Amino acid sequence: MTSPTTPSTVASDWMLSMARGNFPELYERLLVEPLFRPWGNALLDRVSLDRESLAPASRVLDVACGTGIIARLARERLGDQAHIVAIDRSPAMLAVARAVEPAIDWREGDAAEPPVQNDERFDVIVCHQGLQFFPDKMAAMRAMRRVLAPGGRVGIGVWRSLEENGLFYDLGMVAERYLGPIDDARHSFADADALAQLLVDAGFTDVHVDRVSRETRFALDPAVLARLNAMAVIGMTATGKAMADAERAEMVDTIVSASLPEVARYGRGGVLAFRTSANIAVARGDYLERDGGW
């Protein structure tokens, strides 16, 4: 899963993995290193500006961890003394996370009702590109605040608008030709002011939101990236969800073919390079609210 890849091996592995239903493995292999690791480091850099926030013995909670890149990055920074817990609703994502790093405490559960003990508290809580998917964002933020240690810090990363995310915007415009308007959940919480207000309303203090942009580079066969994105956006539309498997597969092929000229515009020396943009919020929980009191 962590061996080097080439365009030819990626293409063949893609077909084999999709036939086996192993999307989480593809997510880990194809998206984590070029996209989620750099942005994960950016989030941890900001949440650890206060040295006490990421001391070697810190207790860290990664919410909506996916295949676990943030939890792994925290472990790389802090070493074996840290107590790192990571939660996600998807058993398939957690299975990949456990295979990559067995030493982390992986737990299946919901962000609004995190699977933590009554007396467990964390010095740092992070949520990397997960908040925008939560059906009840306030419930999730209040749950994070409830399990945050006094004076602890929370760090939240969410993508900014699709228009500010280069190639993904162009791919979305292509897909809309065939699917109609797409409500792209990945970019559904792009408003930095709304993010700050959510944290304030959930009871956090010292709230700061940075609008961050960086170059992202994919050393991938362009068709593979186009296919990953086509599958994602089809799953976000009522049209796509209503399709039978064969019809959906045909639609993916159609969108990929139409997307390749757009992808080619971002190619440089065998690498796809474009800007991605996110909001990164950091806040503090100085006290704990219980049943409306202090």
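Below, each value reflects all heavy atoms present in this structure, side chains not excepted, and no hydrogens, waters or symmetry copies. Computed from a predicted model, the values in this text were never measured in an experiment.
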Task: Full working for side chain to side chain contact (heavy atoms under 4.5 Å, CB included) between R75 and R72 - done: CA-CA 5 Å; R75 185 173 178 81; R72 299 200 306 266; 5.6 Å; no
Task: Side-chain heavy atoms of F134 within contact of V63, under 4.5 Å - done: yes
Open item on the list: Ignoring hydrogens, what is the shortest heavy-atom contact between S259 and V174? Give both atom names and the distance.
Closed with: OG-CG1, 3.5 Å
Open item on the list: Please determine whether a side-chain nitrogen of the Lys or Arg among R46 and D210 lies less than 4.0 Å from a carboxylate oxygen of the Asp or Glu.
Closed with: yes
Open item on the list: Are M243 and M251 packed together at the side-chain level, in the sense that at least one heavy-atom pair is separated by less than 4.5 angstrom?
Closed with: yes
- [ ] Without swapping roles, check the side chain of K241 against the backbone of A238 for a donor-acceptor pair under 3.5 Å.
- [x] no
Task: Rounded distance (nearest 0.5 Å) linking atom CG of N229 with atom CD1 of I234 - done: 10.0 Å
Task: From N118 atom CG to R146 atom CZ, the distance as rounded to the nearest 0.5 Å - done: 9.5 Å
- [ ] Test salt bridge (charged side-chain N to carboxylate O under 4.0 Å, His left out) on D170 and R275 and set out the steps.
- [x] CA-CA 12 Å; D170 292 339; R275 305 298 294 181; over 6 Å; no
- [ ] List the steps and the verdict of side chain to side chain contact (heavy atoms under 4.5 Å, CB included) for C65 and L94.
- [x] CA-CA 8 Å; C65 66; L94 290 174; 3.7 Å; yes
Open item on the list: Looking at every heavy atom in both V126 and V124, which two are closest together, and how far apart are they?
Closed with: CG1-CG1, 4.0 Å
Task: Shortest non-hydrogen contact between N279 and A190, atoms and distance - done: ND2-O, 2.7 Å
Task: L195 side chain reached by L131 side chain, heavy atoms, under 4.5 Å - done: yes
TODO: Could you check if a side-chain atom of M236 sits within less than 4.5 angstrom of a side-chain atom of D183, using non-hydrogen atoms only?
DONE: no
Task: D119/R59 ion pair, N-O < 4.0 Å - done: no
Open item on the list: When you measure from the side chain of R268 to the backbone of R265, do you find a donor-acceptor pair of N or O atoms at a distance under 3.5 Å?
Closed with: no
Task: Heavy-atom pair with the smallest gap, counting every atom of L148 and D123 - done: CD1-O, 3.9 Å
Open item on the list: Using the rule given for side chain to side chain donor-acceptor pair (under 3.5 Å), can you reason through D193 versus Q197, listing the C-alpha separation, both sets of side-chain angles and the distance that settles it, and then say yes or no?
Closed with: CA-CA 6 Å; D193 293 336; Q197 190 62 53; over 6 Å; no
Task: pair R98-V100: side-chain heavy atoms closer than 4.5 Å - done: no
Task: Donor-acceptor pair, side chain of S188 and main chain of Q132, under 3.5 angstrom - done: yes
Open item on the list: Checking the side chain of W106 only, and the main-chain atoms of E101 only, is there a donor and an acceptor separated by less than 3.5 Å?
Closed with: yes
TODO: Verify, without hydrogens or angle tests, whether D62 (side chain) and A71 (backbone) share a donor-acceptor contact under 3.5 angstrom.
DONE: yes
TODO: Kindly work out whether a path of hydrophobic side-chain contacts (I/L/V/M/F/W/Y, heavy atoms less than 4.5 Å apart) joins V271 to V32.
DONE: no
TODO: Report yes if some heavy atom in the side chain of L61 is under 4.5 Å from a heavy atom in the side chain of V147; otherwise report no.
DONE: yes
Open item on the list: Test ring pair (Phe, Tyr, Trp, His ring centres under 6.0 Å) on Y266 and F218; report intermediate values, then the result.
Closed with: CA-CA 10 Å; Y266 293 89; F218 282 91; over 10 Å; no
Open item on the list: Is the shortest side-chain heavy-atom distance between D184 and H187 below 4.5 Å?
Closed with: yes
Task: For R177 against A258, the heavy-atom pair lying closest together - done: NH1-CB, 4.4 Å
TODO: Hey, can you tell me if W159 and W39 have their rings parallel, tilted or perpendicular (30° and 60° cut-offs)?
DONE: perpendicular
Open item on the list: With a 3.5 Å distance limit and no angle check, can you tell me whether R160 reaches the backbone of S277 through a side-chain donor-acceptor pair?
Closed with: no
- [ ] Report yes or no: do I87 and F133 belong to one cluster of Ile/Leu/Val/Met/Phe/Trp/Tyr joined by side chain heavy-atom distances under 4.5 Å?
- [x] no
Task: Worked verdict on V263 versus L272 for side chain to side chain contact (heavy atoms under 4.5 Å, CB included) - done: CA-CA 8 Å; V263 180; L272 298 172; 3.7 Å; yes
Open item on the list: Working to the nearest 0.5 angstrom, can you tell me the gap between K137 NZ and I156 CD1?
Closed with: 12.0 Å
Task: E164 and S161: CA distance, side-chain angles, deciding distance, side chain to side chain donor-acceptor pair (under 3.5 Å) verdict - done: CA-CA 5 Å; E164 296 175 78; S161 69; 2.8 Å; yes
- [ ] Tell me whether the centres of the aromatic rings in F168 and F274 are closer together than 6.0 Å.
- [x] yes
Open item on the list: Ignoring hydrogens, what is the shortest heavy-atom contact between V209 and A196? Give both atom names and the distance.
Closed with: CG2-CB, 3.8 Å
- [ ] List the steps, then state whether side chain to side chain contact (heavy atoms under 4.5 Å, CB included) holds for I255 with L179.
- [x] CA-CA 9 Å; I255 293 174; L179 298 168; 3.9 Å; yes
TODO: State the OH-CZ distance between Y27 and F36, to the nearest 0.5 angstrom.
DONE: 4.0 Å
Task: Backbone of G66 reached by a side-chain donor or acceptor of D88 within 3.5 Å - done: yes
- [ ] Could you tell me the separation between the CD1 atom of I182 and the OG1 atom of T239, rounded to the nearest 0.5 Å?
- [x] 9.5 Å
TODO: State whether E215 and R217 are salt-bridged, where the test is any N-O pair (Lys NZ or Arg NE/NH1/NH2 against Asp/Glu carboxylate O) under 4.0 Å.
DONE: yes
Task: Exam field: side chain E76 to backbone L73, donor-acceptor pair closer than 3.5 Å - done: no
Open item on the list: Check whether N165 reaches the backbone of T276 with its side chain - one donor and one acceptor, N or O, closer than 3.5 Å.
Closed with: no
Open item on the list: Looking at D105 and R107, is any side-chain nitrogen of the basic one under 4.0 Å from a carboxylate oxygen of the acidic one?
Closed with: yes
Task: Backbone of G203 reached by a side-chain donor or acceptor of R145 within 3.5 Å - done: yes
Open item on the list: Whether E113 and R142 form a salt bridge (side-chain N of Lys/Arg under 4.0 Å from carboxylate O of Asp/Glu) is what I want to check.
Closed with: no
Task: Neighbour count >12 (heavy atoms, 6.0 Å) for atom CZ, R214 - done: yes
Open item on the list: When you compare the side chain of T205 with that of V207, does any pair of heavy atoms fall below 4.5 Å?
Closed with: no
Open item on the list: Looking at E120, I want to see if its CD is surrounded by more than 12 non-hydrogen atoms of other residues, nucleotides or ligands under 6.0 Å.
Closed with: yes
